[in-house]
Protein chains: 2
Amino acid sequence: MISDISPAEFLKKTILEICPIKDIVLDEFIRLFTVNKIKAGVDLIREGDDGSCVWFIVSGLLRSYYISPNGEQHNKHFFVPGTFCAPLTSLVANQPSPVYIGSLKDTEILSADYSGLEQLYLKFPELNLLGRKLVEWAWIGKERRETQLIMLSATERYKAFQKEFPGLEDHIPQYQIASYLGITPVQLSRIRAKI
Amino acid sequence: MISDISPAEFLKKTILEICPIKDIVLDEFIRLFTVNKIKAGVDLIREGDDGSCVWFIVSGLLRSYYISPNGEQHNKHFFVPGTFCAPLTSLVANQPSPVYIGSLKDTEILSADYSGLEQLYLKFPELNLLGRKLVEWAWIGKERRETQLIMLSATERYKAFQKEFPGLEDHIPQYQIASYLGITPVQLSRIRAKI
DNA sequence: TAACACTCTTAACATAGGTTAATGCTTTCC
DNA sequence: GGAAAGCATTAACCTATGTTAAGAGTGTTA
């Protein structure tokens, strides 16, 4: 659906929809990114790794997830084309990442080194506006997710997931969705049978 | 414990712990804020209101919360002295607030008009660094909360709450804590009886 | 002091969701 | 084609949590 423009153009277009930004700054920003293709099922970062990259999803699907002490995976978020993804806790707090980030489908991304981005922040302080906007929108997403987890039943969360990620459930196994909803695949199957 | 310095000094000190910032910018930033005292149980913003302020908690306690269709309150976060609080979804998306923010104790805050802050962002683009840092840390908090909600049992969430807000449970009713944990007061009572 | 409001606890019962296991359906691979 | 792996469904049973209601403790107010 976005095959008619290059990854860099896709990124540029997405940025400009977030906030205005001078051409010279935008061009240097875009130049930080390089194209990468990864297969399904690959981890970009694992718990304990030091985060050093920011990614923009061109096509495919990424997820962030935790692994609990007993080895169970818990999906936190799905990253669809046109969105950014980064081990923010690690980058900001300069600590090992508490989360995993990996691909669920063959995925094309644009990767930027975070240290390069930080240098650009210093060179062009107004670039912090873009950074602020991106994190603000990410925060709003987390806030909505928190509300759903604390206020909605599993059935309602499933319906909210369908609205938030339209069509996604046809492309990934149900146990990945159940993990995102905070329930077992068995329970999701029961919920689906009832609806 | 912080009674020996003025609210403005407290704010200044807190800012400088987050990121370096030029004196002239910091002074103008501080000047945006005015002291307010509010009684316990007062709402600063209600669902549907247009958010226009940012607050810094000097003393006391604020909470953000949702009210579900059936009238139940669900606490999302407690704001303790030395932290910032704002109806971010409303400010960023320029929409009516989906959340309530109110006081649980007599509370002293510093309030700043968001439009004044936005003007200062334009005047000093490097101020976006502070904005970015503040939202980044807020995001990390939400991420941690999300992880707890999806991965931990209610008992474990209760213990995590005790660690994250030490001493707080002695100052607010248990049903406020239960609401934060996403369980009923009855269930919290059972959990406490077991421990 | 008595009455009231508010909070916490406890009990009895109901429901949502977890656990385990069996079954059947695809898809993949030899 | 047949075997194996991966996934979804279903059933039986168990546990955590919700619901409702009663009672006890505390503080406030008439």
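Each chain gets a letter, A, B and so on, in the order the sequences are listed, and its residues count up from 1. Only a predicted model underlies this, so the values are computations on that prediction, with no experimental measurement involved.
Of the side-chain N and O atoms in A:Thr184, none sit less than 4.0 angstrom from OP1 or OP2 of C:dG17. Note on B:Tyr175: a side-chain N or O is less than 4.0 Å away from OP1 or OP2 of C:dT7. For A:Arg192 and D:dA8, the shortest distance from a side-chain N or O to OP1 or OP2 is not below 4.0 Å. Between B:Gln176 and C:dT7 there is no side-chain N or O to OP1 or OP2 distance below 4.0 Å.
When the P atom of D:dA8 is taken as reference, atom CG of A:Leu181 falls 13 Å away, rounded to whole Å. If you measure from atom CD1 of B:Ile183 to atom P of C:dT15, you get 21 Å, rounded to the nearest angstrom. Taking atom CG of A:Leu188 as the reference point, atom P of C:dG18 lies 10 Å away to the nearest angstrom. Here the C1' atom of nucleotide D:dG18 and the CE atom of A:Met151 are 17 Å apart, to the nearest Å. With rounding to whole Å, B:Ile195 atom CD1 is found 16 Å from C:dC8 atom P. A straight line from CG of A:Leu152 to C1' of C:dG17 spans 16 Å, rounded to a whole angstrom. Look at CG on B:Asp170: it is 15 Å from C1' on C:dT7, rounded to the nearest Å. The separation between B:Gln174 atom CD and C:dT10 atom C1' is 13 Å, rounded to whole Å.
Of the candidate nucleotides D:dT17, D:dT20, D:dT10, D:dT20 has the atom lying nearest to any side-chain atom of B:Val186. Of the listed nucleotides (D:dT17, D:dA16, D:dT10), D:dA16 has the atom at the smallest distance from the side chain of B:Lys194.
Between A:Phe78 and A:Tyr180, the gap from one ring centroid to the other is short of 6.0 Å.
By the 4.5 Å heavy-atom criterion applied to side chains, B:Leu129 and B:Glu126 are not counted as neighbours.
Aromatic ring orientation, B:His77 versus B:Phe79: perpendicular (interplanar angle above 60°, classes split at 30° and 60°).
Taken over five-pair windows at either terminus, the axes of the helix from C:dT1-D:dA30 to C:dC30-D:dG1 are inclined to one another by 20° (rounded to 10 degrees).
Here the side chain of B:Ser103 pairs a donor or acceptor atom with the backbone of B:Val42 at under 3.5 angstrom. No donor-acceptor pair under 3.5 Å is formed between the side chain of B:Ser97 and the backbone N or O of B:Ser90.
Residue A:Gln187 is in base contact, counting any heavy-atom pair closer than 4.0 Å across all strands shown.
If you chain together hydrophobic residues whose side chains sit under 4.5 Å apart, A:Val80 and A:Ile172 fall into the same group.
Nearest-nucleotide mapping onto DNA chain C: of A:Arg157 and B:Arg190, the residue sitting toward the 5' end is B:Arg190.
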> Are B:Tyr65 and B:His74 close enough, and set up right, to give a side chain to side chain contact (heavy atoms under 4.5 Å, CB included), and what steps lead you there?
Replying inline: CA-CA 5 Å; B:Tyr65 63 106; B:His74 300 264; 5.8 Å; no
